[in-house]
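So you know, we letter chains A, B, ... as the sequences are listed, proteins then strands, and number each from 1. All of these numbers come straight from a predicted model, not from anything done at the bench.
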Amino acid sequence: QKEVEQNSGPLSVPEGAIASLNCTYSDRGSQSFFWYRQYSGKSPELIMSIYSNGDKEDGRFTAQLNKASQYVSLLIRDSQPSDSATYLCAVNGVQAGTALIFGKGTTLSVSS
Amino acid sequence: DAGITQSPRHKVTETGTPVTLRCHQTENHRYMYWYRQDPGHGLRLIHYSYGVKDTDKGEVSDGYSVSRSKTEDFLLTLESATSSQTSVYFCAIREDSSSLETQYFGPGTRLLVL
């Protein structure tokens with residue numbers, strides 16, 4: 001059974017701090033990795049994708065991938081109250097056409 | 001916005017009744033997916049489609065069927081709704097131009113089965 005694991009949280013950080021969200025996956029054949037943000041009552045919104053080992057930065061967001069350790073992380077710098085949401089880690093299935101496999105999500109709360 | 005709409009957005013129905021949810025996309029993406037999202041389980045794949053009349057089962061397909069007679073529409077049918085199918089249902093598309101298999105989600109349908 002392919003799995004994606006995340007701490008459910010809640011992860012609480014003060015405004016302006018760095019929030020660090022972590023994810024591990026079980027399938028070594030996975031090639032593509034995604035972070036989605038989901039506000040309460042809304043649909044998941046893609047915020048980062050990564051497929052190479054190392055860091056990928058986009059504004060205040062940095063995704064980090066370590067395939068040897070089967071580990072993906074998301075750093076949010078200068079956290080804002082508007083970043084308060086559930087963050088979903090997703091990994092592609094190995095077989096063509098298969099959907100993403102999602103973790104259960106980490107809830108982030110940023111206090112002002 | 002990936003041009004995905006879902007209908008209805010909310011539905012209340014009774015146990016044993018058939019229910020059909022519709023996903024419509026405007027950009028001719030080949031791959032479409034139906035997920036359900038439940039507390040404690042996250043997003044789970046129900047069925048997916050890789051073209052007109054080409055569909056396959058996902059992790060939680062029991063009690064569901066799908067159809068895709070046109071590229072733009074992917075229908076999810078609960079043949080005889082049960083209370084365990086109370087959930088939020090999301091449709092997603094996969095960008096054909098992306099080697100990363102990037103998926104984008106529709107707004108969701110909240111279904112309550114009484």
Discussion item. Surrounding CD1 of I18(A) (heavy atoms of other residues, nucleotides or ligands, distance under 6.0 Å), is the total greater than 12?
Written reply: no
Discussion item. Quick check: do Q38(A) and F105(B) have side-chain heavy atoms less than 4.5 Å from each other?
Written reply: no
Worksheet item: To the nearest 0.5 Å, how far apart are CZ in F102(A) and CZ in R44(B)?
Response: 13.5 Å
Worksheet item: Counting heavy atoms not belonging to N66(A), are there more than 12 under 6.0 Å from its CG?
Response: yes
Worksheet entry | E14(B) atom CD: more than 12 heavy-atom contacts under 6.0 Å | no
Practice prompt. Considering non-hydrogen atoms only, spot the tightest contact between Y35(B) and L100(A) and give its length.
Written response: OH-N, 3.3 Å
Practice prompt. Hey, could you give me the OG/CD distance between S49(A) and Q103(B), rounded to the nearest 0.5 Å?
Written response: 12.5 Å
Worksheet item: Is chain A contacted by the side chain of R110(B), its backbone, both, or neither, given a heavy-atom distance below 4.5 Å?
Response: side chain
Worksheet item: In terms of hydrophobic clustering (I, L, V, M, F, W, Y; side-chain heavy atoms under 4.5 Å; direct or indirect links), are F61(A) and W35(A) co-clustered?
Response: yes
Practice prompt. Below 4.5 Å from any heavy atom of chain B, which atoms of I101(A) appear? Answer side chain, backbone, both or neither.
Written response: neither
Practice prompt. Return yes if some donor-acceptor pair links the side-chain N/O of S43(A) with the main-chain N/O of G108(B) below 3.5 Å, else return no.
Written response: no
Worksheet item: Among G42(B), P39(B), G40(B), which residue forms the greatest number of heavy-atom pairs with chain A at distances under 4.5 Å?
Response: G40(B)
Discussion item. Let me check something: do F90(B) and L46(A) share a hydrophobic cluster, defined by ILVMFWY side-chain heavy atoms less than 4.5 Å apart, either directly or through other members?
Written reply: yes
Discussion item. Would a single hydrophobic cluster contain both Y48(B) and L75(B), if residues Ile, Leu, Val, Met, Phe, Trp and Tyr are joined by side-chain heavy-atom contacts under 4.5 Å?
Written reply: no
